[in-house]
Q: 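I'd like to ask you about the structure that follows.
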Amino acid sequence: MIPLMVAFPLLFGFIIVILDTLRAKKVLIKASFVFGAVLPVGIFFVENGREIVGGWSRVAGIEVGIGEINAPFIAGELILFTVVALYSISYFDFRYKKTAKALVLFLLMHAGLLGAFLARDFFNFYIYMEIASVSAFALVAFSEEPGSKKATFKYLILSLLASYLFIFAIGLVYMETGYLNVDLVAQNALPSRELNAALGVAFASLLLKAGIFPLHGWLPDAHSKAPTPVSALLSGLVVKAPAYGMILLFSALPVGESLKTAAMMVAVASIFFGIVIMLLQRDAKRFLAYSTVSQMGYVLLGIATFNFTGAAYYALAHSLAKGGLFLSVGSLGRKSRKLGEFGYRNAPLMAFSVLMLSLAIGGVSPFIGSYAKGLIYSGLPGDWRWTVLAGTIGTLVSFTKLNYHLLRGETEDLRPSWKLSSLVLALTTLGAGLYLGAGLKPSDAIYIAAAVLTFFGLRALGVFERGVQSEAKDVGRDVNVLAAVFVTFMLTVLLLQWS
């Protein structure tokens with residue numbers, strides 16, 4: 001029954017196409033969309049373990065499964081997508097002819113993400129990740145925001161470049177081991193230059209797709225220019241698929257110490273680069289986009305130290321918190337995204353939700369972010385643990401800035417479903433933390449106090465007045481530069497592998 005988790009969104013996406021062609025009533029299209037979004041949840045609760053689709057042998061068949069490592073990824077996907085689906089029903093104008101097509105793309109993304117997280121072989125992981133990516137390209141282009149088409153083009157070209165190289169790496173793995181199934185590859189993979197090359201190319205490709213520094217260049221534009229529910233899915237879910245792919249790679253192929261150390265250094269650089277740009281950012285959605293660059297660094301830290309459980313739960317925590325923040329900020333800032341020009345001063349329920357989500361993403365107990373950050377911290381050796389402590393304060397300083405500006409502004413009347421979506425995700429971050437055992441930690445009060453004092457100190461020094469350039473104007477030049485950075489990074493990784 002596990003494959004039905006992917007089949008349901010595809011089926012109802014097809015039904016929506018037929019209903020739209022026949023000009024059926026909008027209520028039928030909405031109902032089909034909700035069914036396609038929600039039905040996989042039921043299967044997740046009743047199924048676990050592994051199975052081979054069609055009853056084939058593991059060598060020739062497609063293996064899927066739900067286990068300790070991918071269950072948090074799947075849970076985050078199901079929770080966030082369900083909330084975003086309900087949000088989207090009232091967000092999109094169903095009098096607009098393209099709305100039904102957008103809902104089909106949402107369901108294709110849903111199917112692609114679930115298929116990628118369920119996959120236990122590299123080829124099918126690649127296929128489903130690409131289904132999700134292609135849907136993401138189209139949904140970013142669906143936006144009417146100025147610059148959205150340029151953002152889509154940059155995202156498309158760079159992602160396709162990474163895809164071509166990733167499938168090349170998979171071919172090398174198949175050539176060397178004779179298998180694509182992750183477990184069979186792990187049993188037959190012996191250290192060789194060919195597998196080192198495959199690992200280096202695939203790792204660099206997935207880093208780009210995950211938007212991790214220094215291969216993040218496409219992410220801020222794509223995530224900030226997309227419609228609000230699309231931004232929530234891009235930042236909360238789409239970048240998690242390549243992260244899961246890294247877990248598959250590192251669990252199947254021989255990884256040398258040089259690559260592990262390099263991956264940890266990249267993770268730390270991504271964490272603090274994202275924090276610095278957040279502090280200088282004036283656009284609220286770009287602020288949240290750079291937060292994703294930072295937070296994905298923690299996921300990479302877990303992967304680099306083979307702490308796959310920690311990486312999975314951190315991905316879950318980030319999915320819930322960042323998805324909720326994008327929905328909240330997008331609802332509040334419908335007319336302007338500039339910090340200081342909108343806020344939640346006249347929307348107490350939204351203020352409550354944003355504050356909870358900010359604490360959750362900052363790793364404050366008893367939210368799920370605290371539990372996940374604790375797992376990452378416990379898997380780090382020696383002085384590397386200071387990264388988590390410093391990153392926690394940096395993240396809290398950044399979100400102090402966000403809430404400071406939101407507290408000073410007001411918004412128009414918000415639709416009940418929008419307020420409910422943010423509240424549900426906020427309460428879920430709290431409930432999940434309590435369920436997993438993230439008790440109250442008195443030391444967190446010190447982190448919060450330090451963050452608030454640091455924020456006001458930086459504000460007094462005029463740091464936040466400097467700002468950064470919001471977006472590039474020459475997209476062709478941008479793509480060339482980012483492609484050159486990607487190739488240089490990949491070659492560096494290969495040299496590290498071969499040395």
Q: Answer yes or no: is there a donor N or O on one side and an acceptor on the other, between the side chain of Lys322 and the main chain of Leu288, under 3.5 Å?
A: yes
Q: Sequence neighbours excluded, which residues qualify as ring pair (Phe, Tyr, Trp, His ring centres under 6.0 Å) partners of His318?
A: none
Q: Sequence neighbours left out, what passes side-chain hydrogen bond (donor to acceptor under 3.5 Å, both in side chains) with Ser421? Give chain and number order.
A: none
Q: Extract all donor-acceptor atom pairs below 3.5 Å that involve side chains of residues 109-124 and protein atoms in other chains or at least two apart in sequence.
A:
{"from": "His110", "atom 1": "ND1", "to": "Glu77", "atom 2": "OE1", "distance (Å)": "3.3"}
{"from": "His110", "atom 1": "ND1", "to": "Glu77", "atom 2": "OE2", "distance (Å)": "2.8"}
{"from": "His110", "atom 1": "NE2", "to": "Ala37", "atom 2": "O", "distance (Å)": "3.1"}
{"from": "Arg120", "atom 1": "NH2", "to": "Asp183", "atom 2": "OD1", "distance (Å)": "3.0"}
{"from": "Asp121", "atom 1": "OD1", "to": "Asn124", "atom 2": "ND2", "distance (Å)": "3.0"}
{"from": "Asp121", "atom 1": "OD2", "to": "Phe123", "atom 2": "N", "distance (Å)": "3.2"}
{"from": "Asp121", "atom 1": "OD2", "to": "Asn124", "atom 2": "N", "distance (Å)": "2.9"}
{"from": "Asp121", "atom 1": "OD2", "to": "Asn124", "atom 2": "ND2", "distance (Å)": "3.0"}

Q: Shortest non-hydrogen contact from Gly211 to Val293?
A: O-CG2, 3.6 Å
Q: Around atom CZ of Phe44, are there more than 12 heavy atoms from other residues, nucleotides or ligands closer than 6.0 Å?
A: yes
Q: Between Phe352 and Tyr344, does the ring centre distance come in under 6.0 Å?
A: no
Q: Tell me the ring-ring contact (aromatic ring centres under 6.0 Å, His included) pairs involving residues 211-237, sequence neighbours left out?
A: Tyr155-Trp218, Phe213-His216, Phe213-Phe273, His216-Phe273, Trp218-His223
Q: Grab the two heavy atoms, one from Val104 and one from Gly13, that are nearest each other, plus how far apart they are.
A: CG2-O, 3.6 Å
Q: Start with the C-alpha gap between His405 and Lys401, add the side-chain angles, then the distance that decides, and say whether side-chain contact (heavy atoms from CB on, under 4.5 Å) holds.
A: CA-CA 6 Å; His405 286 292; Lys401 171 189 172 179; 3.9 Å; yes
Q: Taking only residues two or more places apart in sequence, or in another chain, which ones meet Tyr126 in a ring pair (Phe, Tyr, Trp, His ring centres under 6.0 Å)?
A: none
Q: Looking at Glu145 and Arg337, does any basic side-chain N land under 4.0 Å from a carboxylate oxygen?
A: yes
Q: Under the rule for side-chain hydrogen bond (donor to acceptor under 3.5 Å, both in side chains), what residues qualify as partners of Tyr128, not counting sequence neighbours?
A: none
Q: For Ser294, which residues count as a side-chain hydrogen bond (donor to acceptor under 3.5 Å, both in side chains) partner, sequence neighbours excluded?
A: none
Q: Check the pair Phe203, Phe489 against ring-ring contact (aromatic ring centres under 6.0 Å, His included), reporting the backbone distance first and the verdict last.
A: CA-CA 10 Å; Phe203 176 64; Phe489 181 88; 7.0 Å; no
Q: Might you point out which heavy atoms bring Leu339 and Leu402 nearest each other, and give the distance in Å?
A: CD2-CD1, 3.7 Å
Q: Do other residues, nucleotides or ligands put more than 12 heavy atoms under 6.0 Å from Arg408 CZ?
A: no
Q: Under the ring pair (Phe, Tyr, Trp, His ring centres under 6.0 Å) rule, collect the residues that match up with Phe106, sequence neighbours excluded.
A: Phe92
Q: Phe342 ring centre to Lys335 NZ or CZ under 6.0 Å, with the angle to the axis within 45°?
A: no
Q: Determine whether Leu425 and Ile79 satisfy the following criterion, side-chain contact (heavy atoms from CB on, under 4.5 Å), listing intermediate values before the conclusion.
A: CA-CA 8 Å; Leu425 288 171; Ile79 295 169; 4.2 Å; yes
Q: Restricting to non-hydrogen atoms, name the atom on Ala284 and the atom on Val329 that form the minimum distance, rounded to 0.1 Å.
A: CB-CG1, 3.6 Å
Q: Show the nearest heavy-atom pair for residues Leu396 and Thr400, with the distance to one decimal.
A: O-OG1, 2.6 Å
Q: What residues form a salt bridge (Lys or Arg N to Asp or Glu O under 4.0 Å) with Glu341, not counting sequence neighbours?
A: none
Q: Going by atom type alone, with no hydrogens or angles, which donor-acceptor pairs under 3.5 Å involve a side-chain atom of residues 354-361 and a protein atom two or more places apart or on another chain?
A:
{"from": "Ser358", "atom 1": "OG", "to": "Val354", "atom 2": "O", "distance (Å)": "2.8"}
{"from": "Ser358", "atom 1": "OG", "to": "Asn403", "atom 2": "ND2", "distance (Å)": "3.0"}

Q: Could you tell me whether the side chain of Lys149 and the main chain of Phe142 form a donor-acceptor pair under 3.5 Å?
A: no
Q: Run the numbers on Ser205 and Phe486 for side-chain contact (heavy atoms from CB on, under 4.5 Å), then give the verdict.
A: CA-CA 8 Å; Ser205 300; Phe486 170 59; 3.9 Å; yes
Q: Please list all pairs passing the salt bridge (Lys or Arg N to Asp or Glu O under 4.0 Å) test where one or both residues lie in residues 11-34, with sequence neighbours left out.
A: Asp20-Lys101
Q: Minimum heavy-atom separation for Ser88 and Pro229, please, with both atom names.
A: OG-CB, 3.4 Å
Q: Going by the rule side-chain hydrogen bond (donor to acceptor under 3.5 Å, both in side chains), which residues pair with Thr228 if we only count those two or more places apart in sequence or in a different chain?
A: none
